[in-house]
2 protein chains.
Amino acid sequence: MSSHFKTTARPTIIDVAEAAGVSKSTVSRVLQGDAASVKPDTRRAVTRAIRKLGYEHNAIASMLRTARTFMVMLITPDIANPFWSEVARGLQDTLERPGYSVVVGNGDQDSERENAFLKTARRNRFDGIAINPTKIHRRTLLATGIPTVILGIRDGFAGLDMVGSDSFQGAFEALTYLYQMGHRRIGFIDGRYVTEQGRARAQAYAEFLKQHNLEPDPSLKVEVPFDRAGGQRGMRVLLSLAHRPTAVFASNDILALAAMQTAQEAGLNVPRDLSIIGMDDIYPTAMTMPGLTTMAKQKYETGCQAARLLLERIEGTALREARRCALPCQLVERGSVAPRS
Amino acid sequence: MSSHFKTTARPTIIDVAEAAGVSKSTVSRVLQGDAASVKPDTRRAVTRAIRKLGYEHNAIASMLRTARTFMVMLITPDIANPFWSEVARGLQDTLERPGYSVVVGNGDQDSERENAFLKTARRNRFDGIAINPTKIHRRTLLATGIPTVILGIRDGFAGLDMVGSDSFQGAFEALTYLYQMGHRRIGFIDGRYVTEQGRARAQAYAEFLKQHNLEPDPSLKVEVPFDRAGGQRGMRVLLSLAHRPTAVFASNDILALAAMQTAQEAGLNVPRDLSIIGMDDIYPTAMTMPGLTTMAKQKYETGCQAARLLLERIEGTALREARRCALPCQLVERGSVAPRS
DNA sequence: CGTATAATTGGGAACGTTCCCACTATTAAT
DNA sequence: ATTAATAGTGGGAACGTTCCCAATTATACG
């Protein structure tokens, strides 16, 4: 007769045990699907009691005891950026099956915010972290003691799993594609974060020029910040040249789209007067006129792969070497590139 | 000498208490910032011990005891959709300050998935839920016993807080704007979800025609699914009319952008030959040529407001009536609308 | 039928907090 | 100086699981 009156609140496994005439241990076993070690009859009795009482498993209590939370923290510069929300989607979709939830944080390229999320991950004993670090260093990440995967291929994060795109290969193939279309004078709008990144693309540009015996012309390469204004400025500079390029490669689609818009506003016909190629393949590239030809990054797949590496670390038995997984970029032809006329 | 050897693992408040020469109760008080009831000296001793041991608060244990998790579940059809990721951003930014984390789920317009996330929210004793329900009913939501806010203005969710955009007002003003620009023959590409939604826009269209004594022409209104293909088809139908519209209003920007692209591919000059106006103001609208003129929804603000309503429910003392908060849409002129020539 | 073994089950202890209540110093009031 | 009130502190129970080990029951085998 004990818990007849007190239980206005949510029932616990003890209530279930009582109702089923077994011990809480047995209920726990049923809950964990420990099929092997509980008699079918008992199992039935327990499940019936569970349904009857409307029992719902308390994940919090379970977390405390098992020290496993089935929570993963995702830290990106900005989840509202279509690039990262695609990655997030892949991560979530893959982690959902084995029962993990994903908390997303907007690091905002801000050291304090990034650290705040890391702190949350530690305090809440998260099982894993996926992060595109902008201000956070390797040591800080390692110090959490939480399995972590770096989103993007970056130097200075030895010992951590990494998954991102092969920007060198992507940039190189983009340039080669323009070359094959007959272009020889190729402009390069090079986006730069505050933190040194994107070196790969610049290296690819240099390497490309070398391989094709093209004379490097410094005026064809313009460095700008990674945003719309940067793309505008980059294009304006290139258009102001006495000897204009016939094609332009931009470090990412934001830059490329802004550049294309700027060229169009200046009265140029893309691709007839000027070819443009970008990188990433974000959402809006299909919506412009013409559509933007670009080297697509496997964003969704990046998320999926990151999730898989994370799961290996979290649930894996034997610890293995850190892996560096660079997914290849792929050309998507839309309409912003034409043969040189 | 007790915990000298066992503590290879993370230190607990008991370890801290020992190191500081106080009881765990006192440490707990310090941790909770209960400044009033602990002497400055003791507080200092405790904080010093915390730093020395590298103690980190265990949120899980705290959750179990307090029955508060500081977690909120966000369920949208798709977080990779730029509309929802903006909303998510607003929600997160607002919830971050008071210490809440947001778990995002992609409902995918799938009953099972939506329910799975709801289950996670219950099992993990989440403090709040923000959802744009597609297949989930009011009763299910109320049954969770968790404070919930509906994203979007919807019928059939009485008793629940709601925050979204005033689509009727938005659509009406969009049409009025076209009218003021001299357009009289206005096409309407009406997006439809499987579940009845978007009625408001259709009503606004009807009401608009009536107020301006415009003869309703059924051929000017075409219903399509809410995606790019829908926008294409809608525009093709309108272009095929013997008596074409001079302007087109589309239910959202996805449709409008696809429609604009289709018109351009058909050789029309937007806005000279045809004006187009959309709704939502998603990311890509600024990147096309011309930019898409649209009725902007306050996406970020929707998230913020939803967060505020949720916080009121979660932390609020007195319970209040359910609120319905319809944020007004606002015209953003870009370049896809011109006066009728 | 008795014993050895395996299959089930039960009973605490533990996870690391918070909260209530009791207790001891300290201060204020008479 | 004595008592009353207050500020500060400590100790234990509780939150709801899981897990280890012991106890019980069923099965197998001779």
Side-chain angles (χ1 to χ4, degrees), chain A residues 2-3 6-47 49-50 53-70 99 122-125 127, chain B residues 2-3 6-47 49-50 53-70 99 122-125 127:
Chain A
S2 58
S3 64
K6 63 180 179 191
T7 316
T8 66
R10 288 163 140 156
T12 74
I13 56 168
I14 299 191
D15 299 316
V16 174
E18 218 164 276
V22 298
S23 79
K24 59 183 168 29
S25 303
T26 302
V27 177
S28 178
R29 272 185 279 260
V30 171
L31 250 25
Q32 290 169 72
D34 194 347
S37 53
V38 50
K39 226 169 15 183
D41 287 0
T42 335
R43 148 180 315 281
R44 261 191 296 276
V46 170
T47 37
I50 286 176
L53 297 186
Y55 168 81
E56 195 127 56
H57 186 250
N58 186 331
I60 305 295
S62 176
M63 289 174 187
L64 179 58
R65 180 63 233 235
T66 60
R68 298 269 284 106
T69 57
F70 287 93
R122 283 196 312 263
R123 294 169 52 117
N124 289 49
R125 306 295 194 257
D127 289 334
Chain B
S2 56
S3 65
K6 65 179 179 192
T7 315
T8 67
R10 288 163 141 154
T12 75
I13 56 169
I14 299 190
D15 299 315
V16 174
E18 218 164 274
V22 298
S23 78
K24 60 181 166 33
S25 304
T26 302
V27 177
S28 177
R29 273 184 278 260
V30 171
L31 250 25
Q32 290 168 73
D34 195 348
S37 52
V38 50
K39 231 177 356 195
D41 287 358
T42 339
R43 150 180 314 283
R44 261 189 298 279
V46 170
T47 37
I50 286 177
L53 297 186
Y55 167 80
E56 196 129 54
H57 186 250
N58 186 331
I60 305 295
S62 176
M63 289 174 185
L64 179 58
R65 182 62 233 238
T66 61
R68 298 268 283 106
T69 57
F70 287 93
R122 284 196 312 262
R123 293 169 52 118
N124 289 51
R125 306 296 194 256
D127 290 334

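By convention in this document, chain letters (A, B, ...) are assigned in the order of the sequence lines, proteins followed by strands, and residues within each chain are numbered from 1.
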According to a strict under-4.0 Å criterion, is [X] in side-chain N/O contact with OP1 or OP2 of [N]?
{"X": "A:Ser28", "N": "D:dT18", "value": "yes"}
{"X": "B:Gln32", "N": "C:dT17", "value": "no"}
{"X": "A:Thr12", "N": "D:dG16", "value": "no"}
{"X": "B:Ser62", "N": "C:dG16", "value": "no"}
{"X": "B:Thr66", "N": "D:dC15", "value": "no"}

Between B:Ser25 and B:Arg65, who's closer to the 5' end of DNA chain D by nearest nucleotide?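 Its nearest nucleotide lies further toward 5', so the answer is B:Ser25.
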
From CD of B:Glu18 over to P of D:dG11, roughly how many Å is that when rounded to an integer?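 The distance from CD of B:Glu18 to P of D:dG11 comes to 12 Å, rounded to the nearest Å.
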
Which atoms form the tightest heavy-atom contact between [X] and [Y], and what is the distance?
{"X": "B:Val46", "Y": "B:Val16", "value": "O-CG1, 4.2 Å"}
{"X": "A:Leu64", "Y": "B:Ile60", "value": "N-CG2, 3.6 Å"}
{"X": "A:Ala19", "Y": "A:Ala49", "value": "CB-CB, 4.1 Å"}

From [options], pick the nucleotide closest to the side chain of [X]?
{"X": "B:Tyr55", "options": "C:dT17, C:dC15, D:dT9", "answer": "C:dT17"}
{"X": "A:Lys24", "options": "D:dT17, D:dG8, C:dT9", "answer": "D:dT17"}
{"X": "A:Arg29", "options": "C:dG10, D:dG10, D:dT18", "answer": "C:dG10"}
{"X": "A:Asn58", "options": "D:dT17, D:dC15, C:dC20", "answer": "D:dT17"}

Assess whether one donor atom and one acceptor atom, taken from the side chain of B:Arg10 and the base of C:dG16, lie less than 3.5 Å apart.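 Per atom types, no contact qualifies.
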
Do A:Thr47 side-chain atoms and A:Arg43 backbone N/O form a donor-acceptor pair below 3.5 Å?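 Present.
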
